[in-house]
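Reminder, nothing fancy here: chain letters follow the sequence lines and each chain counts from 1. The basis for the numbers below is simple: all heavy atoms, side chains too, and nothing from hydrogens, waters or symmetry mates.
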There are 2 protein chains.
Amino acid sequence: MEKLTQRERDCLVAILSVNSEFPIRLSEIANKLSVRSPTALNVIKRLSEKNLIKDKGGMIIVTKEGKKVYKEIIEAHRCFEALLTESGISLDEACKQVRKFDYLIDPNTASKVLSHIGNPKLSKHGRKVIVN
Amino acid sequence: MEKLTQRERDCLVAILSVNSEFPIRLSEIANKLSVRSPTALNVIKRLSEKNLIKDKGGMIIVTKEGKKVYKEIIEAHRCFEALLTESGISLDEACKQVRKFDYLIDPNTASKVLSHIGNPKLSKHGRKVIVN
DNA sequence: AATAAAATTAGTATAATACTAATTGTTAGA
DNA sequence: TCTAACAATTAGTATTATACTAATTTTATT
């Protein structure tokens with residue numbers, strides 16, 4: 001799998017972190033990324049070229065590969081977010097920090113570290129560990 | 001401080017990780033980064049623009065700020081490298097992985113995590129924790 | 001001084017990022 | 001159904017980081 005950029009990571013996470021059952025809109029993505037829609041569309045195109053999403057009748061569909069990559073990012077995120085909160089960093093700050101590198105962590109590495117720190121499922125604040 | 005890129009990070013680390021007392025040569029930097037000299041020179045120029053290094057009579061001098069940034073990278077590197085090796089990842093692999101994100105870690109975050117995991121000075125292999 | 005090695009300049013290219021302006025498409029209300 | 005509003009897309013431009021080759025200049029070493 002080709003490496004993602006920070007923007008591509010944020011975009012993929014934005015697409016898959018929607019609560020609603022409706023597929024996310026481009027304008028909503030643009031909003032979440034704080035860019036204009038042509039810029040968002042550009043990121044979308046790159047994610048498509050990397051086969052992480054597909055355009056299915058005007059709708060953004062995340063591919064199997066895309067879901068896999070997303071899960072790996074989430075696992076790495078959870079892992080390091082937990083580490084940071086356990087080190088005394090606030091959940092918000094931890095999330096903000098970890099976003100900058102979770103997508104760079106090798107999945108195998110994340111999984112080993114996650115075991116090492118005891119597979120945390122919840123942040124120590126009792127809040128479910130959220131990615132975005 | 002402006003954010004560094006991966007290349008700029010590698011370059012700064014290369015410059016300051018030389019054993020010899022002689023200032024590093026451009027060709028040596030190019031070699032370490034596996035790029036041609038014009039490319040290396042380009043990175044050097046960007047580091048200069050960010051006031052991390054200076055050209056002092058044809059010699060590359062690292063500024064106070066550059067040394068500070070370097071130390072922060074090293075601390076973050078040591079911190080996460082230790083975490084990874086403690087999780088059962090080989091030192092070589094840990095180093096390789098951590099290089100990809102150590103320069104993105106907030107120094108304050110690194111310092112807190114470092115305390116949390118017990119301020120490791122040595123890798124569990126008994127080798128001094130090396131950055132490059 | 002002559003040659004070899006190193007550094008630099010000039011020129012080109014690509015990928016990622018981001019914008020505006022203009023156009024096309026869609027949709028919901030009158 | 002028509003149209004106004006909103007959404008998506010295209011076209012065009014710009015910047016930054018990255019990287020190359022070829023040519024030139026500078027610096028060392030015999």
Without decimals, in angstroms, what is the distance between [X] [atom1] and [N] [atom2]?
X: A:Asn42; N: D:dT15; atom1: CG; atom2: C1'; answer: 14 Å
X: A:Ile44; N: C:dA18; atom1: CD1; atom2: P; answer: 13 Å
X: B:Leu33; N: C:dA7; atom1: CG; atom2: P; answer: 13 Å
X: B:Asn31; N: C:dA5; atom1: CG; atom2: P; answer: 15 Å
X: B:Gln6; N: C:dA16; atom1: CD; atom2: P; answer: 16 Å
X: B:Ile29; N: C:dA7; atom1: CD1; atom2: P; answer: 9 Å
X: A:Met59; N: D:dA7; atom1: CE; atom2: P; answer: 15 Å

### Task
Using a strict 4.0 Å threshold on nitrogen-to-oxygen distance, state whether A:Asp106 and B:Lys100 make a salt bridge.
no
### Task
Would you tell me if any nitrogen or oxygen in the side chain of B:Arg36 comes within less than 4.0 Å of OP1 or OP2 on C:dA7?
no
### Query
When you check the phosphate oxygens OP1 and OP2 of C:dA16, does a side-chain N or O of A:Thr5 lie under 4.0 Å from one of them?
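No, because none of the side-chain N or O atoms of A:Thr5 sits under 4.0 Å from OP1 or OP2 of C:dA16.
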#### Entry: Under 3.5 Å donor-acceptor, A:Thr63 side chain and A:Leu52 backbone
yes
### Query
Does A:Gln6 reach the main-chain N or O of A:Arg99 with its side chain, forming a donor-acceptor pair under 3.5 Å?
yes
### Task
Could you pull out all residues at least two apart from A:Phe80 that satisfy ring pair (Phe, Tyr, Trp, His ring centres under 6.0 Å)?
A:Phe101, B:Phe80
Got a list of protein N/O to nucleotides 8-12 of chain D N/O distances below 3.5 Å?
from: D:dA8; atom 1: OP1; to: A:Leu26; atom 2: N; distance (Å): 3.4
from: D:dA8; atom 1: OP2; to: A:Ser27; atom 2: N; distance (Å): 2.9
from: D:dA8; atom 1: OP2; to: A:Ser27; atom 2: OG; distance (Å): 3.2

### Query
Does B:Asp102 reach the side chain of B:Arg9, with side-chain heavy atoms less than 4.5 Å apart?
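Of all side-chain heavy-atom pairs linking B:Arg9 with B:Asp102, at least one is under 4.5 Å.
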### Query
When the nearest nucleotide of DNA chain D is assigned to B:Thr39 and to B:Glu49 on a heavy-atom basis, which residue is associated with the more 5' position?
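Between the two, 5'-proximity favours B:Glu49.
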#### Entry: A:Glu93: salt bridge (charged side-chain N to carboxylate O under 4.0 Å, His left out) partners, not counting sequence neighbours
A:Lys96
